[in-house]
Amino acid sequence: MSAARSRLIVALDVPDGESALALAGRLAGHVGMLKIGLELFVAEGPGIVRELRRRHPELDVFLDLKLHDIPNTMAGAIRSASSLGVRFITVHAGSGIAHLRACVEQAGDSTGILAVTVLTSQDEQACREAGHTRGPAELVKIRAQAAAQAGCAGLVCSGQELESLADVAPGLFRVVPGIRPAGADVGDQKRVMTPANAIAAGATHLVVGRPIRSASDPAAAATGIVNEIALALPN
Ligand code: C5P
């Protein structure tokens with residue numbers, strides 16, 4: 001079961017440190033990794049990373065900052081973030097190979113750079129509105145290749161693109177948000193998948209926010225998803 005649990009990343013998308021620590025306390029022992037996103041990091045800064053690591057040394061921390069800037073600035077942010085001992089940090093793959101490489105060079109040995117391919121809230125129409133002539137499927141492939149070339153540890157992509165990525169960068173982690181257990185509210189996500197289908201399609205890690213955070217019993221919701229992952233994992 002610990003193999004299945006280690007694949008589950010919970011998004012601590014809460015406004016303050018107190019709520020984050022309370023949620024982490026309820027989820028410890030039931031999930032593998034805690035994801036700190038922009039909302040919490042902007043409110044609390046690096047102190048919340050240090051405090052979560054102090055209270056829950058068994059849980060990895062994933063800093064989801066989705067950096068997108070000039071290479072020198074991104075590299076500096078990665079240096080600062082990896083000194084906090086986080087397991088993963090995200091950058092936008094659309095920044096380009098030079099940017100991704102600058103980030104990889106500055107990440108410490110125990111911190112992996114994850115390249116966000118296309119946000120799971122973006123569909124064909126959103127890509128067109130952003131000026132792209134290609135849709136999400138093609139963009140994801142191009143950006144996954146760039147991430148592999150730059151030496152990133154993994155990709156963040158929608159479960160729906162996993163199949164088309166089977167031959168692209170096979171050694172990279174595939175971290176998949178937009179996960180919704182059958183019947184769960186989709187919210188603002190567009191390209192969603194169930195936990196079992198995402199694992200069967202090749203996801204190495206699942207990112208789940210609202211289906212766990214908004215549940216009346218978050219630990220029970222997490223355990224339900226871990227059980228689903230365990231059943232879908234190849235033997
Ligand atoms: O609540 P929900 O399960 O939709 O949360 C998904 C989490 O994954 C959020 O923290 C969001 O920022 C993150 N994410 C995403 N799409 C990406 C990358 C990260 O939804 N492409």
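Numbering of ligands and ligand atoms starts at 1, following listing order. FYI, side chains are in, hydrogens and waters are out, and symmetry mates aren't considered; it's all heavy atoms of this structure.
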Colleague: Could you check whether Asp185 pairs with Arg210 (Lys NZ or Arg NE/NH1/NH2 to Asp/Glu carboxylate O, under 4.0 Å)?
Modeller: no

Colleague: Between the side chains of Arg54 and Glu51, is the shortest nitrogen-to-carboxylate-oxygen separation below 4.0 Å, so that they form an ion pair?
Modeller: yes

Colleague: What I want to know is whether Arg213 and ligand 1 share at least one N or O pair that is separated by under 3.5 angstrom.
Modeller: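 No, Arg213 has no N/O under 3.5 Å of an N/O on ligand 1.
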
Colleague: Which residue supplies the protein heavy atom nearest to atom 17 (C) of ligand 1, what is that atom called, and how far is it?
Modeller: Pro177 CG, 3.4 Å

Colleague: Identify, for atom 12 (O) of ligand 1, the protein heavy atom at the shortest distance, and state residue, atom and that distance.
Modeller: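 Ranked first by proximity to atom 12 (O) of ligand 1 is Lys66 NZ, 3.4 Å.
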
Colleague: Quick test: of every protein heavy atom, which one is nearest to atom 16 (N) of ligand 1, and how far off is it to 0.1 Å?
Modeller: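 Answer for atom 16 (N) of ligand 1: Thr120 OG1, 2.9 Å.
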
Colleague: Are any non-hydrogen side-chain atoms of Arg213 and Pro218 less than 4.5 angstrom apart?
Modeller: no

Colleague: Return the option from Leu38, Leu119, Val207 holding the heavy atom at the smallest distance from atom 21 (N) of ligand 1.
Modeller: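 Residue with the shortest heavy-atom distance to the ligand atom: Leu119.
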
Colleague: With respect to Leu155, which candidate in Leu165, Leu114, Val116 satisfies the side chain to side chain contact (heavy atoms under 4.5 Å, CB included) definition?
Modeller: Leu165

Colleague: Taking the six-membered ring for Trp, are the ring centroids of Phe62 and His205 within less than 6.0 Å of each other?
Modeller: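 For Phe62 and His205, the ring centres are not under 6.0 Å apart.
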
Colleague: Would you mind checking which non-hydrogen protein atom is closest to atom 20 (O) of ligand 1, with the distance to 0.1 Å?
Modeller: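 Scanning the protein heavy atoms, the shortest distance from atom 20 (O) of ligand 1 goes to Gln189 NE2, 2.9 Å.
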
Colleague: Going by heavy atoms, is Cys157 under 4.0 Å from ligand 1?
Modeller: no

